[in-house]
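Every heavy atom of this structure was used, including side-chain atoms; hydrogens, water molecules and symmetry mates were not. Just so it is clear: chains get the letters A, B, ... in the order the sequence lines come, proteins before strands, and each one is counted from 1.
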2 protein chains.
Amino acid sequence: MTTTPTTTPPDEEFLRLDRQICFSLNAASRAFGGVYRTLLKDLGLTYPQYLVMLVLWEDGELPVKRLGERLRLDSGTLSPLLKRLEAAGLVQRERSARDERSVNVRPTDAGTELRTRAALVPRRIAAATGFDLAEIEDLRARLDRLTSALDGAALDA
Amino acid sequence: MTTTPTTTPPDEEFLRLDRQICFSLNAASRAFGGVYRTLLKDLGLTYPQYLVMLVLWEDGELPVKRLGERLRLDSGTLSPLLKRLEAAGLVQRERSARDERSVNVRPTDAGTELRTRAALVPRRIAAATGFDLAEIEDLRARLDRLTSALDGAALDA
DNA sequence: CGCAATTCAGTTGTGCGCAATTGAATGACG
DNA sequence: CGTCATTCAATTGCGCACAACTGAATTGCG
C-alpha cells in the first residue's frame, strides 16, 4: 500500500483500543492495584488508605484539606476513608481549635508503628515491576508531566 | 555526604509519597479521567463506557467474556455497565444460541453512529497531554510492559 | 448415558472517585 | 456591629472495580 496523501490517517484510526494511552494507563493503574491489594492485605490497608498513611508518616499531622491537596483527592473520598482508618485505630481526627471548620488528622501510635511493617512494601513493588530504579524514576517523571498537562488542559472546559 | 556502605538507603526512604510510581500513575489516570469526563459528556458516555464502545466498534459483536479480556474487566464491572449502555440504546445484548451461558453484545445503529462523533476525541486528548505522538507511543509501550510484569508478579500471591 | 468439574453472566457487598449540595465557621467590608 | 461571601468537612448520589458467591449451561470422563 502506498501513501495516500489525500486521505491521511483519519481520526477513526486513532479509535483503536491499542492506540489509546489512557487505556494503557488505566490498565497499569489497576494492575498496580492488584499487586498492592495482596501486599497490603497483611497491613489491613487498601491502596488509597496506604497513600493516606504515607502522607501522615511524613507530615505527622495535617488538616484534611492539605491531605487532599497532596493526594489529589477531595473530601467526598477522604471523609469516609478517614472514618474507616479511625475505626481501625490507625488515625485520630479532631476539630482544629484555631479554626473549627478544619479537622486535623494524625496517626495514632498503632498507625505510626505500622510504618516499619510498611517499609518493605516499596521494594517488593519495585521488584514486581521488573523495572530498575532509573527506569521507574524516568517513568514517574513522565507521568507527573502528563498529569500537570492534563490538569492544565482541564481548565479550558 | 559520602557514600555510607554500612547503611545504604533504608527502606523507609522509599516510603516518601513523591517516590511512589504507583501514586504518579494513579494521579495520571485520574487526571485523564477528568479530561475524558468533559470530552465525553456530549456523547453521554463515561470513560469505561467509551472503552467498551471502542471495542464494539472494532469487533462489531462479541461475548461479554471476550470484552472483559480485552478491557481487563470482569462481569461484576461489565454487567451493570452494559445494562446502562443498553438502557441508553447504544448496545444490544442477547443470549448466544450456541451457548446459552454466553451473552453477545453488539452496538445498535445509534451506537454505531456515535462512532463518527467519537472520532474527534483521541485527537483532542492527545492535544491535552501536550505530548507528541512518538512520546505517547513510547509511554504507552512502557506502561504495557509494566502491566504485563505486574500481572505476572501477581500470580505469585 | 450420568455425574462431576468447568465455564459463563449475573448479583451482592465493600471501597474508591467525583460532582453537587449542606451547614457550620470564618473573614471581609461597610 | 451586622451582613455577605468564602472556606471548610461532611453527606448524597452515581458509576466504576473487584472479591466472593449464585445458578444455569456445558463439557469431560468413566
Considering only residues two or more places apart or on different chains, which pairs with a residue in residues 81-91 of chain B satisfy salt bridge (Lys or Arg N to Asp or Glu O under 4.0 Å)?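 Found B:E86-B:R93.
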What pairs of residues pass the salt bridge (Lys or Arg N to Asp or Glu O under 4.0 Å) test when at least one of them lies in residues 30-44 of chain A, not counting sequence neighbours?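 Passing the test, one end in residues 30-44 of chain A: no pairs.
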Taking salt bridge (Lys or Arg N to Asp or Glu O under 4.0 Å) as the test, write out the residues that go with [X], two or more places apart.
X      : result
A:R95  : none
A:E135 : B:R145
A:R142 : A:D138, B:D138
A:R72  : A:D151

Regarding A:R98, tell me which of base, sugar-phosphate or nothing describes its non-hydrogen contacts under 4.0 Å with the strands shown.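 A:R98: backbone/sugar contact only, no base atoms under 4.0 Å.
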Would you classify B:R93 as touching base, sugar-phosphate or nothing, given that sugar-phosphate means primed atoms plus P, OP1 and OP2, and contacts are heavy atoms under 4.0 Å?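 If one applies the 4.0 Å heavy-atom cut-off, B:R93 turns out to touch the sugar-phosphate alone, with no base involved.
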Ignoring backbone atoms, test whether B:K65 places a side-chain nitrogen or oxygen under 4.0 Å from the OP1 or OP2 oxygen of C:dG10.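 No.
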Does A:K83 have a side-chain nitrogen or oxygen under 4.0 Å from the phosphate oxygens OP1 or OP2 of D:dA10?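 No, because none of the side-chain N or O atoms of A:K83 sits under 4.0 Å from OP1 or OP2 of D:dA10.
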For nucleotides 14-20 of chain C, read 5' to 3', which letter fits each nucleotide if B means a protein heavy atom sits under 4.0 Å from the base, S means only the sugar-phosphate is that close, and - means neither? -SSBBB-
Is B:T108 reaching over with its side chain to a backbone N or O of B:G89, donor-acceptor style, under 3.5 angstrom?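 Yes, the answer is positive, given that a donor and an acceptor are paired below the 3.5 Å cut-off.
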Check: A:T147 side chain, A:L143 main-chain N or O, donor-acceptor pair, under 3.5 Å: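 Yes, A:T147 side chain to A:L143 backbone: donor-acceptor pair under 3.5 Å.
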What is the distance from [atom1] of [X] to [atom2] of [N], rounded to the nearest Å?
X     : N      : atom1 : atom2 : value
B:L82 : D:dG15 : CG    : C1'   : 14 Å
A:L67 : D:dA10 : CG    : C1'   : 15 Å
A:E94 : D:dC8  : CD    : P     : 18 Å

Which pairs, protein N/O on one side and nucleotides 2-4 of chain D N/O on the other, fall under 3.5 Å?
none

Give the nucleotide from the list D:dA25, D:dA10, C:dA9 with an atom nearest to the side chain of B:R95.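 Among D:dA25, D:dA10, C:dA9, the one nearest the side chain of B:R95 is C:dA9.
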If you check every side-chain atom of A:V103, which of D:dA9, C:dG10, D:dT26 has the closest atom?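 Per side-chain heavy atoms of A:V103, the pick is D:dA9.
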Under 3.5 Å, which donor-acceptor pairs link side chains of residues 55-68 of chain A to any protein atom two or more places apart or in another chain?
from: A:W57; atom 1: NE1; to: A:G111; atom 2: O; distance (Å): 2.9
from: A:E58; atom 1: OE1; to: A:R70; atom 2: NH2; distance (Å): 3.3
from: A:E58; atom 1: OE2; to: B:L17; atom 2: N; distance (Å): 2.7
from: A:D59; atom 1: OD1; to: A:R70; atom 2: NH1; distance (Å): 2.9
from: A:D59; atom 1: OD2; to: A:R70; atom 2: NH1; distance (Å): 2.8
from: A:R66; atom 1: NH1; to: A:E69; atom 2: OE1; distance (Å): 3.1

Shorter than 3.5 Å, N or O on both sides, protein versus nucleotides 27-29 of chain C: list them out with atom names.
none

Qualifying residues under side-chain hydrogen bond (donor to acceptor under 3.5 Å, both in side chains), relative to A:R124, sequence neighbours excluded: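 In terms of side-chain hydrogen bond (donor to acceptor under 3.5 Å, both in side chains), with neighbours along the sequence ignored, A:R124 is linked to no residue.
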For A:Y50, ring-ring contact (aromatic ring centres under 6.0 Å, His included) partners two or more places apart: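 Here the qualifying residues are A:Y36.
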